[in-house]
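Structure record follows, encoded as structure tokens.
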Amino acid sequence: MKIVTWNVNSIKVRLPNVLEWVRANTPDVLLLQEIKCVDADFPALELRELGYEVHTHGQKTYNGVAFLSRLPVSDISRGLPGDDADDHARWIEGTVAGIRICGLYLPNGNGGEEKFAYKLRWMARLEARAEALLMDETPFVLAGDFNICPTAADVWDPPAFAGDALCRPEARAAWRSILNLGLTEAFRGLHPDRPKAWTFWDYQGAAWRFDHGLRIDHFLLSPAVADRLIACDIDRDARGREKASDHTPVWCAIGDVA
DNA sequence: ATGGTTGCAGCGCAA
């Protein structure tokens with residue numbers, strides 16, 4: 001099973017890129033972030049024509065996540081538990097082939113201490129959700145735009161980003177706390193030393209041209225799924241297309257149960 | 001150099 005995560009930064013603007021990429025790469029499950037539209041405005045017909053079940057958790061203007069699958073999906077659930085007052089559309093989960101797949105858009109956390117505090121609270125809820133799935137012994141995948149550069153190796157200019165919410169020690173500590181539940185980060189598990197493995201290049205400052213990137217889109221696997229991990233990689237090519245998102249797709253392949 | 005770019009929405013805000 002091939003699972004893809006991609007922050008598309010508006011599905012309305014990105015639809016041609018997404019359709020072309022899906023035709024060429026035929027993922028089984030496609031998790032999108034920042035669709036930036038309400039559910040009724042998501043271009044479901046176009047994706048159904050390519051063979052996908054379409055589930056969305058959208059909102060006006062900001063955020064919004066989608067869960068698309070060529071395989072049957074059951075028990076879709078929207079919203080990360082733990083705060084009924086949180087109205088950001090950042091979480092959608094569903095079961096495919098016995099795996100609970102969670103698509104997430106973690107808060108960026110820049111723009112003031114209130115926003116950073118929200119990010120940390122959201123990460124505490126994420127850890128609680130992962131713990132609950134582990135307790136249930138549910139095989140699961142957490143995938144999406146985590147807005148976290150786990151280490152200095154995941155940042156093009158570490159000193160310049162020292163105070164950025166994507167790199168701040170409290171955010172990295174929260175990330176490690178989640179990993180320390182016993183999860184496997186798919187990309188670094190398979191490519192521990194690959195340099196400049198970026199998944200995001202800012203629109204500003206010609207970041208793509210200079211290869212000034214960050215690695216912030218990730219897959220976290222529960223132990224049973226980690227045992228079945230075959231491959232995980234980043235499709236840089238999509239970032240170089242016309243009208244590209246500032247993020248590029250990241251994918252992983254999970255083998256069938258032996 | 002407190003800059004620059006994109007998207008939404010309708011102009012400042014979020015990223």
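Protein chains get the first letters and strands the later ones, always in sequence-line order, with residue 1 at the start of each.
- Residue contacts for Y105(A): at a heavy-atom cut-off of 4.0 Å it reaches the sugar-phosphate backbone alone, with no base atom in range.
- Look at K12(A) and you won't find any side-chain N or O under 4.0 angstrom from OP1 or OP2 of dG7(B).
- Summary of the strand contacts: V13(A) and N147(A) both lie near DNA chain B, and taking for each the nucleotide with the nearest heavy atom, the more 5' one is attributed to V13(A).
- Here the nucleotide nearest the side chain of N63(A), chosen from dA15(B), dC8(B), dT5(B), is dA15(B).
- The distance from atom CG of D202(A) to atom P of dG3(B) is 16 Å, rounded to the nearest whole Å.
- Rounded to whole Å, atom P of dG7(B) lies 13 Å from atom CD of Q204(A).
- Remark: aromatic rings of Y105(A) and H88(A) are distant, center separation not under 6.0 Å.
- With both ends at atom P, the span from dG3(B) to dG12(B) equals 14 Å, rounded to whole Å.
- Residue contacts for R90(A): at a heavy-atom cut-off of 4.0 Å it reaches the sugar-phosphate backbone alone, with no base atom in range.
- Protein atom CG of D246(A) is 9 Å distant from nucleotide atom P of dG7(B), rounded to whole Å.
- Note: CD (E114(A)) to C1' (dC13(B)) measures 15 Å, nearest angstrom.
- Taking only side-chain nitrogens and oxygens, K243(A) comes nearer than 4.0 Å to OP1 or OP2 of dG7(B).
- Between R241(A) and E20(A), at least one side-chain N (NZ, or NE/NH1/NH2) sits under 4.0 Å from a carboxylate O, which counts as a salt bridge.
- Under the ring-ring contact (aromatic ring centres under 6.0 Å, His included) criterion, no residue pair touches residues 28-66 of chain A, with sequence neighbours excluded.
- Evaluation of the ring pair (Phe, Tyr, Trp, His ring centres under 6.0 Å) rule for F200(A) yields H247(A) as partners, not counting sequence neighbours.
- The NZ-P distance, from K115(A) to dA15(B), rounds to 5 Å in whole Å.
- In this structure, H212(A) atom NE2 and dG3(B) atom P are separated by 21 Å, rounded to whole Å.
- A distance of about 13 Å separates the C1' atoms of dG4(B) and dA15(B), rounded to the whole Å.
- Following rounding to the nearest Å, E34(A) (CD) and dA15(B) (P) show an atom-to-atom distance of 7 Å.
- Nucleotides of DNA chain B nearest to G109(A) and S10(A) differ in position, and the one nearer the 5' end is that of S10(A).
- In this model, the phosphate group of dG7(B) is approached by a side-chain N or O of R14(A) to a distance below 4.0 Å at OP1 or OP2.
- The only member of V73(A), I254(A), V141(A) that meets side chain to side chain contact (heavy atoms under 4.5 Å, CB included) when paired with V96(A) is V73(A).
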